[in-house]
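Along the sequence shown, residues are numbered consecutively beginning with 1.
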Amino acid sequence: MDSSTQACKVVVRDAATGALVRSGRAPHPPGTEVSPAAWERAFAEASAMAGGLADVAALSVGGQQHGMVCLDASGAVVRDALLWNDVRSAAAAAELITDLGDGDEAAGRRAWADAVGVVPVASFTAAKLRWLADAEPGNADRTAAVCLPHDWLTWRLSADRDLGTLATDRSDASGTAYWSARTGEYRPDLLELALRGRRPDVPRVAAPAEVVGALAGTTAVLGPGTGDNAAAALALAARPGDVVVSIGTSGVVSAVTATAVADDTGIVAGFADATGLHLPLVCTLNAARVLDAAAALLGVDLATLSDLALSAPAGAEGLVLVPYLEGERTPNLPRATGAAHGLTLRTSTPAHWARAAVEGLLCGLADGIDAIAAQGVPVDRVLLVGGAAWSPAVQQLAPAVFGRPVLVPAPGEYVADGAARQAAWVLSGAAEPPSWDQPGLRAFEASPAPAVRDRYAEVRGRTDGQ
Ligand SMILES: Nc1ncnc2c1ncn2[C@@H]1O[C@H](COP(=O)(O)OP(=O)(O)O)[C@@H](O)[C@H]1O
Ligand SMILES: O=C(CO)[C@@H](O)[C@H](O)COP(=O)(O)O
């Protein structure tokens, strides 16, 4: 299962071969604050669409990372979950940095990067907990355990609902900012710092292919699950040298590495992967929905938006869209709004606007690839996944903006596929994930267009972003 921001997707795959047997999907409610019960309802609907789970022997949950699900002592949800893209915790994140640096921001950044491989931003659970402690102290007092969306779903699907059975995996634990991918240990002091002295229970961090329970009412085993980006890497069997660019609700650039990253600028987050390795990652808040918004603005569907973008000249003759439509996480400008620059009579056309939307989205991701490379991570292959990777304009313009060829796997649900591969791994009890056929890769190449990135950088620099 992939319980991601906009939808729940279920795939049933043959454990030995990986062949797709059935699939289903159901939407999630909009917004950045969601009742976790909605994820369960969407899972029930998606599973029913996939023909039910009666013949399923193992299940794993891939899910949107970060966020905050607070449970009281009886296991009931204390308040609606805050999602990774909810930015009300931005000031709390900034406070946590200076708190750990004894008032010195630079020292705080270094201390967080050294401690847990990440520097707090609004998305991370630690920042959301600090917000909760200050804005809703009663809810913070009632919180007996805190977990993430995928942990909660695995627990709810399990036969054993004791709070002590809550389990997570390295990948999602590394997105809390109170667990270190480098040491494999929680930092209870940082959890306590976030919650101003409170210390709720946190899920046990399971090994990559550990059985964490049984699916309620069945003999099927539950895998530990994983964060959606780690699941996609597992589905693609990403290896060192591969960089996966995902254009879903979030825009993500990530890579599997043997060693942990500790970037005190906070641009590259030092997350863990789903196999025992690491997953340095850059995440933007504005990705596929930039295209959704551009299509809505122009009154066209996504296919027409793509045609329009491809019909305009490279660089949209100077029209640039800095697409911070929901604030931004990378760069860390949570209160930013979008900006357009270069509107003239000539560029005031739907085609220019469509082109600027696609190029603006891709320029932010190109910055992410550069940031990953600057950490010493090799970039041999770039693989493009996520809903907007199905857009012909994205496929054709990405190699020009990124300045390197791009490989696009056949359209599919790679997060759910990664969760399925983990489930098959758990079931097998083997040391390695099963060898499944890999999706066919379509290569896209184009002449690099550095002028597009230069112009974007110039315009981005002119907007203060707030
Ligand atoms: N052909 C397409 N062109 C552009 N965007 C698309 C296309 N198909 C789907 N999308 C967009 O992809 C997004 C969903 O991608 P997905 O990776 O499933 O997101 P998430 O996992 O965050 O829920 C939606 O915003 C949707 O509009
Ligand atoms: O916050 C991050 C990664 O750090 C996001 O990638 C979320 O994990 C949401 O993913 P999608 O719904 O866009 O797949």
So, [X] side chain and [Y] main chain: donor-acceptor pair closer than 3.5 Å or not?
X: His28; Y: Ser4; result: yes
X: Asp228; Y: Val415; result: no
X: Arg130; Y: Ser89; result: no
X: Glu328; Y: Leu285; result: yes
X: Thr330; Y: Cys283; result: yes
X: Lys128; Y: Ala92; result: no
X: Asp104; Y: Gly101; result: no
X: Ser171; Y: Gly227; result: yes
X: Asp169; Y: Pro208; result: no
X: Asp242; Y: Arg239; result: yes

Original post:
What is the ring orientation for Trp39 with Trp152, classed by angle as parallel under 30°, tilted 30 to 60°, or perpendicular over 60°?
Top reply: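 Trp39 and Trp152: perpendicular rings.
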
**OP:** Would you please classify the geometry between the Tyr186 ring and the Trp179 ring as parallel, tilted or perpendicular, with 30° and 60° separating the classes?
**Re:** perpendicular

Original post:
Going by the side chain to side chain donor-acceptor pair (under 3.5 Å) test, which pairs reach into residues 255-283, not counting sequence neighbours?
Top reply: Arg110-Asp264, Asp263-Thr265, Asp273-Thr275

Hey, are [X] and [Y] close enough for a salt bridge, meaning a charged N less than 4.0 Å from a carboxylate O?
X: Asp114; Y: Arg182; value: no
X: Glu45; Y: Arg41; value: no
X: Glu317; Y: Arg355; value: no

Subject >> Within 6.0 Å of CZ in Arg196, more than 12 heavy atoms from elsewhere >> reply: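 Yes, enclosed.
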
Subject >> Evaluation steps, side-chain contact (heavy atoms from CB on, under 4.5 Å), between Leu82 and Leu132 >> reply: CA-CA 10 Å; Leu82 296 185; Leu132 186 78; over 6 Å; no

**OP:** Mind running side-chain contact (heavy atoms from CB on, under 4.5 Å) on Met49 and Val10 for me, showing each step along the way?
**Re:** CA-CA 9 Å; Met49 186 190 276; Val10 168; over 6 Å; no

Original post:
Could you go step by step and tell me if Arg453 and Asp367 meet the salt bridge (charged side-chain N to carboxylate O under 4.0 Å, His left out) rule?
Top reply: CA-CA 9 Å; Arg453 287 195 64 195; Asp367 290 344; 2.7 Å; yes

Original post:
Cut-off 3.5 Å, side chains only: do Asp301 and Thr304 have a donor facing an acceptor?
Top reply: yes

Original post:
Where is the tightest heavy-atom contact between Ala235 and Tyr414, given as atom of each residue plus distance?
Top reply: CB-O, 3.1 Å

Subject >> Exercise: identify the closest heavy-atom pair between Arg421 and Leu234 >> reply: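 Heavy atoms of Arg421 and Leu234 come nearest at NH1-O, 2.8 Å.
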
**OP:** Begin with the C-alpha distance, continue with both residues' side-chain angles, and end with the deciding distance and a verdict on side-chain contact (heavy atoms from CB on, under 4.5 Å) for Tyr324 and Arg460.
**Re:** CA-CA 10 Å; Tyr324 299 161; Arg460 191 195 48 209; 3.3 Å; yes

